[in-house]
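Proteins get letters first, then strands, A, B, ... in listed order; numbering begins at 1 in each.
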Number of protein chains: 2
Amino acid sequence: MDNKKRNFFELPDKVLTSLPTGAVKDTVEHLGKKIAHGDYATGAILPREDELVESLGVSRTVVREAIKVLCGKGLIRTARRYGSRVCPFDDWNLLDPDVIRWHDPESPQTARIYAEATDLRLIFEPEAAALAAVNANRNQRDTILAAARAIHPLDGRASMIGADYMFHATILQASGNQMLSQLQNLIYAVMLFSYATSLKTPPEEKVARRNHVGVAEAIDSGDAELARGRMKDMLVLNKAMADKLVASMFQE
Amino acid sequence: MDNKKRNFFELPDKVLTSLPTGAVKDTVEHLGKKIAHGDYATGAILPREDELVESLGVSRTVVREAIKVLCGKGLIRTARRYGSRVCPFDDWNLLDPDVIRWHDPESPQTARIYAEATDLRLIFEPEAAALAAVNANRNQRDTILAAARAIHPLDGRASMIGADYMFHATILQASGNQMLSQLQNLIYAVMLFSYATSLKTPPEEKVARRNHVGVAEAIDSGDAELARGRMKDMLVLNKAMADKLVASMFQE
DNA sequence: GTTTTAAATTTGTAGGACAATTACTGAGAA
DNA sequence: TTCTCAGTAATTGTCCTACAAATTTAAAAC
């Protein structure tokens, strides 16, 4: 049971696209990551289809289907006689779960996205908490409370971050707004980044946990105003830490 | 010149996917709309590939590439020997520009999405306005002002809504947060819906215009607090109208 | 030098063949 | 009857070849 509970709060290792496992999926992941990692500059031409066929060891059918998927996410654009070129960053579907996930958590370039995501969280999560305080069902309130209490450093970083993700994701779900709920992909990206860089940051878990539990209790009690305020306070603190971290990354 | 200006504020007729024009794109659009319109229930099996080949008059290559794109957007999921079945609504990438656009503006089912989008706007647009007041460049401030002033009923609904969209989209862009900026797709969807149903609503354009200009001037003057407050007031009013409209739709 | 024409190249579409997987069928046993 | 298990059939997944369409590049004509 303990084991089960622990698994429950682990950071889901993959938020997969709905593509079936197979060559197409692998190719999409491979190319998607390369593009998101910046291996090809904006406007750069990807290798020709037959080159990809050779280098990836799959058929042209697979390569083409993969490229079409990436087009659908705004990463690339194809033209006859020209090739597939990488779209300007503005055109990327930044809120697509896959595109978010493909960003390299280790890259300093991702830091900007991370900072933007943190700003965005500061905007919508307090409101989500307020909505959750009103709309959450019994089950959700329990999960939020349990996740908040599970945030302690003794279990190691991985499960701590897992609980953290579950905490925030459940609040979004409990808001009752499906679009708001989908922004949990954004939180997932921040968590990934946070996990990749957490080894360098000083642990402030005790404070973090107290804050989380505070928010959870406010939601559980149904006090929307209190939940909003506490969530906001928590995220302001979070943003301060994030900004410091990003600054230090660019300083290197 | 007048003509050019008018075009500038017209609602862009298509926020296209990055797929090149052609059979694949058409097929994606066709199937995507059918699914988003609810022609296939959740879990329902789509016609087999060879049936689609026949009914759509394209090759299996095209059908397969289109289906893969839809998988990438979370609409469907495929399996050998089983077929392509429609994913539960929760799995759809609701923030994907295409998925948003494919919703049927005429359908009462869309009304719920519309209401959620309106709620979401109320959350992030006041903050976007505050950010824009600080970060917008000269050009953006001018565009926002011009768009706000172009919102008058004499030009007809289409261009009025076009200016409205330009107003909100530019504010998001001017916020300086790329993720925030991408939420303009959501506003686009609301505008489409609004346009489709606007014939039934009594015109309150004079008030609307005064509000928009107020926000624009606040942004132009660089007063973040004022911009936030005015945008919020405007959207609260907007939400009240939206709720009334949705209620009337379900009442029928 | 400029314009027009031709050629080469790259993606787009079509269609056939087989592989892999899994739902379904039916026979046999409990 | 009901359950198990093997076999069969059906559907998508992958590979392949051929040709069409478009567009850049190069050549040619003026």
Side-chain angles (χ1 to χ4, degrees), chain A residues 16-32 34-35 40-87 91 98, chain B residues 14 16-32 34-35 40-88 91 98:
Chain A
L16 296 169
T17 177
S18 322
L19 288 166
T21 56
V24 174
K25 184 199 178 76
D26 294 344
T27 307
V28 169
E29 292 280 323
H30 179 83
L31 291 176
K34 283 196 88 166
I35 295 169
Y40 304 105
T42 293
I45 314 279
L46 270 80
R48 288 197 314 271
E49 288 179 354
D50 46 320
E51 290 186 76
L52 290 173
V53 165
E54 196 176 3
S55 67
L56 300 180
V58 293
S59 71
R60 193 181 164 214
T61 308
V62 169
V63 168
R64 282 187 54 78
E65 288 177 4
I67 283 181
K68 283 288 172 299
V69 172
L70 296 175
C71 285
K73 294 177 185 295
L75 295 186
I76 56 182
R77 197 175 280 269
T78 63
R80 278 176 162 127
R81 182 56 178 85
Y82 199 88
S84 309
R85 56 189 189 288
V86 177
C87 288
D91 293 346
D98 294 317
Chain B
K14 293 177 190 176
L16 295 168
T17 177
S18 320
L19 288 166
T21 55
V24 174
K25 184 197 178 75
D26 294 343
T27 308
V28 170
E29 292 280 323
H30 179 84
L31 291 176
K34 283 197 87 165
I35 295 169
Y40 304 105
T42 292
I45 313 278
L46 287 164
R48 288 194 316 270
E49 288 180 353
D50 45 317
E51 290 186 77
L52 290 173
V53 164
E54 195 175 6
S55 66
L56 300 180
V58 293
S59 71
R60 194 181 165 214
T61 309
V62 169
V63 168
R64 283 187 54 76
E65 289 178 3
I67 284 182
K68 283 288 172 302
V69 172
L70 296 174
C71 285
K73 294 177 185 295
L75 294 186
I76 55 182
R77 197 175 279 270
T78 63
R80 278 176 162 126
R81 180 56 178 88
Y82 198 88
S84 308
R85 56 190 189 288
V86 177
C87 288
D91 293 346
D98 295 317

[atom1] of [X] versus [atom2] of [N]: gap in Å, rounded?
{"X": "A/Arg81", "N": "C/dG12", "atom1": "CZ", "atom2": "P", "value": "14 Å"}
{"X": "B/Lys25", "N": "C/dT13", "atom1": "NZ", "atom2": "P", "value": "12 Å"}
{"X": "B/Asp26", "N": "C/dG12", "atom1": "CG", "atom2": "P", "value": "14 Å"}
{"X": "B/Ile45", "N": "D/dA10", "atom1": "CD1", "atom2": "C1'", "value": "13 Å"}
{"X": "A/Tyr82", "N": "C/dT10", "atom1": "OH", "atom2": "C1'", "value": "12 Å"}
{"X": "B/Leu56", "N": "C/dA14", "atom1": "CG", "atom2": "C1'", "value": "15 Å"}
{"X": "A/Glu54", "N": "D/dC15", "atom1": "CD", "atom2": "P", "value": "14 Å"}
{"X": "A/Asp50", "N": "C/dG12", "atom1": "CG", "atom2": "C1'", "value": "14 Å"}

Legend entry - Closest heavy-atom pair and its distance - A/Lys25, A/Leu19: NZ-O, 3.7 Å

Legend entry - Spatial distance of atom OG1 (B/Thr78) from atom CG (B/Leu46) [nearest 0.5 Å]: 10.5 Å

Inset, instruction - Could you pick out which residue, B/Glu49 or A/Ala79, lies toward the 5' side of DNA chain D when each is mapped onto its nearest nucleotide? - result: B/Glu49

Legend entry - 5'-most by nearest nucleotide on DNA chain D - A/Thr21 or A/Arg60: A/Thr21

Inset, instruction - Under 4.0 Å between any heavy atoms, over every strand shown, what does A/Thr78 touch: base, sugar-phosphate, or nothing? Just pick one. - result: sugar-phosphate

Is the shortest heavy-atom distance from the side chain of [X] to the side chain of [Y] under 4.5 Å?
{"X": "B/Leu52", "Y": "B/Leu31", "value": "yes"}
{"X": "A/Leu75", "Y": "A/Val86", "value": "no"}
{"X": "A/Val58", "Y": "A/Val63", "value": "yes"}

Under-4.0 Å side-chain N/O to phosphate OP1/OP2 contact, [X] with [N]:
{"X": "B/Lys68", "N": "D/dT12", "result": "no"}
{"X": "A/Arg64", "N": "C/dG12", "result": "yes"}
{"X": "B/Ser59", "N": "C/dT13", "result": "no"}

Legend entry - Which nucleotide in C/dG15, C/dG12, D/dC15 has an atom nearest any side-chain atom of A/Thr61: D/dC15

Legend entry - Donor-acceptor pair (no angle test) under 3.5 Å: A/Arg80 side chain, C/dT10 base: no

